[in-house]
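Residue numbers start at 1 and run along the sequence shown. Below, each value reflects all heavy atoms present in this structure, side chains not excepted, and no hydrogens, waters or symmetry copies.
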Amino acid sequence: MERNVSDILEELHGELTTERLEVGELLAALSDKGPFFILVVLVAPFLQPIALPGVSTPFGFVLALLAIGLLIDRDVPIPTRIRRYALPKKGVSLLFRGAVALFRRLERWSKPRRLAALTASGGTLRLHALLALSSAVLLMLPLPIPFSNSLPAYVIAFIALGYLLRDGAMLLFAYGFVLLTAAYFALIGVLGFEGLQLLLREAWSR
C-alpha cells in the first residue's frame with residue numbers, strides 16, 4: 001500500500017535536527033521519492049498569497065531545472081550555490097506545516113487512476129513538464145505583488161500531485177490555474193505598460 005504524501009512529510013519533519021534547512025539537504029532527503037515529490041515540497045512555501053521575492057528566485061530556478069529534467073527525461077545537476085541556499089527559520093515551519101495541512105485535505109477526496117489518460121503517456125508528461133517549467137520561470141520573477149508566486153506555484157503543485165497520487169483530476173486543477181496565471185500576468189503586463197506610458201507622458205509634458 002502506497003503511503004500518503006502528508007505522512008511522508010510529517011516523518012521528514014520529525015527527522016530534522018535543526019530548523020535551518022538547505023536546499024541540498026532537502027533534495028538529498030527526498031531523492032528516492034521522485035522528482036514530483038521534490039517539486040511538491042519545494043513549491044509548498046509559495047502556496048499562500050503573499051509574495052516571497054527573496055526566496056522565490058532560487059527556488060524557482062531549482063523548480064525550473066527539475067521541470068527540464070522531466071521534459072528531457074534525465075536528471076539536471078543543481079548548482080552548488082543553489083544547493084547551499086538555506087530556508088529561513090520561518091520558511092521551514094511554513095514548508096512542512098502548510099504542506100501537511102494541504103495534502104491532508106487533498107488526500108481525503110483524491111482517487112487513484114481517476115482520469116488516468118492524463119497521466120498515462122510520455123507525451124502528456126512532456127506537456128505537463130513544459131507547463132511546470134513556464135510556471136517556475138514566472139515564480140523566479142522578483143515581483144512583490146500578491147499572488148505572483150502562488151498562482152504559478154499551484155500549477156506546479158497540482159501537476160506534481162496528479163502524478164504522485166495518480167489522479168488526473170489534479171491535472172484539471174492545474175489547467176485551471178494555468179488560465180488564471182496567464183490572465184493575472186497579462187493584467188500585470190498591461191497595467192505596467194500603461195503606467196510606463198503615463199510616466200513618459202508626464203515626463204515629456206514638463
task = Take Tyr154 and Thr181 through the test side-chain contact (heavy atoms from CB on, under 4.5 Å) and record every step on the way to the result.
result = CA-CA 9 Å; Tyr154 272 105; Thr181 301; over 6 Å; no
query = Just wondering, are more than 12 heavy atoms of other shown residues or ligands nearer than 6.0 Å to CZ in Phe173?
reply = no
ask   = Has the side chain of Thr57 got a donor or acceptor atom that lies under 3.5 Å from a matching backbone atom of Met140?
value = yes
request  = Measure from the side-chain N and O atoms of Ser135 to the backbone N and O of Val155, and report whether any donor-acceptor pair falls under 3.5 Å.
outcome  = no
Flag the pair [X] / [Y] as yes when at least one side-chain heavy-atom distance between them is below 4.5 Å, and no otherwise.
| X | Y | answer |
| --- | --- | --- |
| Phe185 | Leu143 | yes |
| Leu161 | Asp167 | no |
| Phe177 | Pro152 | no |

Between [atom1] on residue [X] and [atom2] on residue [Y], distance to nearest 0.5 Å:
| X | Y | atom1 | atom2 | value |
| --- | --- | --- | --- | --- |
| Leu131 | Ile159 | CG | CD1 | 5.0 Å |
| Ile156 | Leu151 | CD1 | CG | 11.5 Å |
| Leu127 | Leu71 | CG | CG | 10.0 Å |
| Phe158 | Leu172 | CZ | CG | 11.0 Å |
| Ile188 | Ile145 | CD1 | CD1 | 4.0 Å |
| Leu70 | His128 | CG | NE2 | 11.5 Å |

Over all atoms of both residues, closest heavy-atom pair of [X] and [Y]:
| X | Y | value |
| --- | --- | --- |
| Leu133 | Ala64 | CD1-O, 3.6 Å |
| Ala136 | Gly60 | CB-O, 3.6 Å |
| Val40 | Ala160 | CG2-CB, 3.2 Å |

ask   = Relative to the ring of Phe147, is the ring of Tyr184 parallel (under 30°), tilted (30 to 60°) or perpendicular (over 60°)?
value = perpendicular
ask   = Would Leu66 and Leu42 count as a side-chain contact (heavy atoms from CB on, under 4.5 Å) if you check the C-alpha gap in whole Å, the side-chain angles of each, and the deciding distance to 0.1 Å?
value = CA-CA 10 Å; Leu66 292 169; Leu42 291 181; 3.8 Å; yes
